[in-house]
Chemist: 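Shown below is the structure under consideration.
Any value given below was found using the heavy atoms of this structure, including those in side chains, with hydrogens, waters and symmetry copies removed. Naming convention: chains lettered A, B, ... in sequence-line order (proteins, then strands); numbering from 1 in each chain.
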Amino acid sequence: MNEPAFTLKATGRLRRRQLVNQGMGALAAGAALLAVAVLAIVVISVGSRGAGSLNLAFFTQNQAQGFNPKGGGVLFAIVGSVVLVGIATLIALPLGVLVAVYVSELAPPRLARVARMALDISNGIPTIVIGIFVFTILVAAHGQSALAGSIALAIIMLPLIARATEEVLLLVPSSQREASLALGVSRWRTTVQVVIPSALGGILTGTTLAIARVAGETAPLLFLTSLGTSSTADANPLHPLQSLTLVIFSYSDQADPAYQSKAWAAAFTLMCFVLVTSLAAKLALARYRKKLGG
Amino acid sequence: MEAIKTKIEVTEKERLPVVSEREAVFEARDLAVYYGDQRAIDGVNLDIYQRLITAIIGPSGCGKSTFLRTLNRMNDLVPAARLTGQLRYRGIDLYGPGVDAVEVRRRVGMVFQKPNPFHSSIYDNVAYGLRILGMKKDLDERVEKALRAAALWDEVKDRLKDSALGLSGGQQQRLCIARAIAVEPEVVLFDEPASALDPISTSAIEDLMHELKRDYTLVIVTHNMQQAARVADMTAFFGLDVSPDGNRQGVLVEYDETEKIFTNPSDKRTEGYVTGRFG
Amino acid sequence: MRELYTSELEELEALLRDEGKLVDRAIRGALNVLERDDLELADELIAFDDEIDSRYLAIEQRIPSLLARQTPVAGELRLVLAILYINLHLERIADYCVTVAKLAKLAHGLPRDRAVLEALEEMGERCREMLGTGLEYFYARDFTDSQALIEMDRPIDRANRKLIDRLIALGPDESQREWAMRMMLASRCLERIGDHAVDIGEQAAYLVRGRFEEFTDASHKPPRATT
């Protein structure tokens, strides 16, 4: 056998480049690991502190009054959160879908670009600003209510839902629209009958993500629905209602460790809700994309 | 010799009606279509006749699909598209004032390159247009009739409630044809209907077109010349032309009976294209 | 699948069958003209050629269109080519029949010879048999015995030789000689008809086997000795 006249092994500069390549790869992997580690540490530390107060009563009873702050639970806050987020979703979902339909199906391209940019900007508005805005136009005149809080949350959800929906509407193949239009079906009927149904899965996952996002909002709610609330479960949206985030905020400030422990437990509950819904929504969206693409 | 005297009639081949007796469904007069500043087709004069299959062939970018999509105003969906000249449908200016594109498309159906059934059942795919256009009377009968006309009934009659996406590509395309003819259009346009299909399915679609010719006027765009040769009665050859301003546009080079186009074309460019010698 | 194409092929073959039948009747007619020396029948036969020509033309015109539009391949390509050639052979046979009719008209009223007429009749009948066999091979797509056609050609050669011997012996009478000349040409026509029938058999063989071969005939020695 003849020895080959060249080698395929890395030497010289190539060798150096290879080392740099490996070093940078390791650095990036380390950064990614750090991000995962932060999440894990947060989950573990919140969980371990809140575990003491996590029991059935925590989810099914209201805060015990008087001199026994250890007893009872935060049912009132859970009910409040559900009412707040529920009403916000009822407002934001239809509006968001309509906005998305306009932007992706009906608007001339230039207008669509403007609308899209507006959505992105409102998505970036600090939520406390939205809180102040709703405060000045609603609360200042009519007093605090869960409805005011829901409206603020709806304003936060709207661009999220609209953008998520628009994205899945764009995923619906244009051949589906053409098929309907070519039958002599109007633009609007086509959107309602063909485009939205095939985007429904994506719209719902987008909405779920938005819910997960606003369920953790505190700032706007502070002005709008926190004052004078009782610690008993109440579902009337016209009353000011507590929520999990407000409970975390207010209980963590208390001197009594029983309250602090409840705050941790509430934080853990909220975090689990957000994690699970986000994850489920992302998985569903991935499956849905595959279905539409294939 | 009596044996000789008895004559046997020659079975005359089914002849196309002579030009003067054909009834034109579409009449394009000096038709040009622009996308923005770009001229896609120019100076097209073409009559499309009733109950014949008209094929439009030509190289890529010659505007054959553009022309097809002007016939049912699908080009309206392209924001920058506009049109000059005239296109008449049964004497009515298709782009005249007050003409509603949605109504045009109801009369001029279309079948697309890639089968595009809705993500619903086989039955609902065919019933879709019928329901929306208010043709709900005898819905079952209409669906069956359309599926039969599309030569699909026997294959799907036991699974009408199954998803249309479970059908093979060729079956899906026939379903799309059934969906198009269910709403009883007068014309069906086919935009390269078999280019995504295997030869067996292609052959089924071609046979189907031959059947549909009895009731409908068909126009097919195809990049497959042999397909045009096989199915069409009339063939229009679109070529590419570069005008002095540098714009590349599609022009109608030759339009004649298919047999003439494929055995003795009048224009050198047509001959070059059909023989495969043309760039 | 490809229903239109299939029906076009079937129509084409039906036209050819039709033409085949007419040509057979033309040969029979030509023999009758010779046999009866019937001027009226001769004219009828000459006119009858138009019937055959119309089939010939119909096939001839359809084939380029079929080739261009349906691009037949494999067995179907061979079928179309075989039809194209057989059509031509049939038309030529019909032309020979017309020639025979014209020769009969020219020979009208001249003294005739029974033995010569019998030899012509014999040749003609063999020709019809050969044509029938060749076409049958084609229709049935069944080709087992190429030798049969050659064998049928032999009696024609024999009859032809007998006829020539007889014609030479006919004697010095001028009108007899004229009749003999005409009949010799007629004999030549019949012999050519036999050759075309063999060619039709060759086309049938091409269709079935997929390659073209000429049958061994009088001009080629047969591969094995025959009695």
Chemist: Quick check on A:S174 against chain B: is it the side chain, the backbone, both or neither that has a heavy atom closer than 4.5 Å?
Modeler: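 A:S174 has no heavy atom closer than 4.5 Å to chain B.
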Chemist: Check each atom of A:R177 against the heavy atoms of chain B and say whether the ones under 4.5 Å are side chain, backbone, both or neither.
Modeler: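 Interface part for A:R177: neither.
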Chemist: Could you name the residues of residues 100-114 of chain B that have a heavy atom within less than 4.5 Å of a heavy atom in chain A?
Modeler: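 Interface residues of residues 100-114 of chain B: B:V102, B:R105, B:R106, B:V108, B:G109, B:M110, B:F112.
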Chemist: Could you tell me which portion of B:R73 (side chain, backbone, both or neither) has an atom closer than 4.5 angstrom to a non-hydrogen atom of chain A?
Modeler: neither
Chemist: Does CG belonging to B:D37 count more than 12 external heavy atoms closer than 6.0 Å?
Modeler: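 Count not over threshold, so no.
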Chemist: Identify which part of B:P117 has an atom lying under 4.5 Å from any heavy atom of chain A, answering side chain, backbone, both or neither.
Modeler: backbone
Chemist: Against chain A, label B:L133 side chain, backbone, both or neither, depending on which of its atoms sit under 4.5 Å from a heavy atom there.
Modeler: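 Side chain only.
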Chemist: CZ of A:F133: more than 12 outside heavy atoms within 6.0 angstrom?
Modeler: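 Counting other residues, nucleotides and ligands, CZ of A:F133 stays at 12 neighbours or fewer.
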Chemist: So which part of B:R69 gets closer than 4.5 Å to some heavy atom of chain A, the side chain, the backbone, both or neither?
Modeler: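 The answer is the side chain of B:R69.
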Chemist: Do you know which two heavy atoms are closest between A:A179 and B:N116, and how far apart they sit?
Modeler: CB-ND2, 3.3 Å
Chemist: Quick check: closest heavy atoms across A:V194 and B:Y128, and the distance to 0.1 Å?
Modeler: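 For A:V194 versus B:Y128, the nearest heavy atoms are CG2-OH, 3.2 Å.
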Chemist: Around atom NZ of B:K137, are there more than 12 heavy atoms of other residues, nucleotides or ligands at under 6.0 Å?
Modeler: no
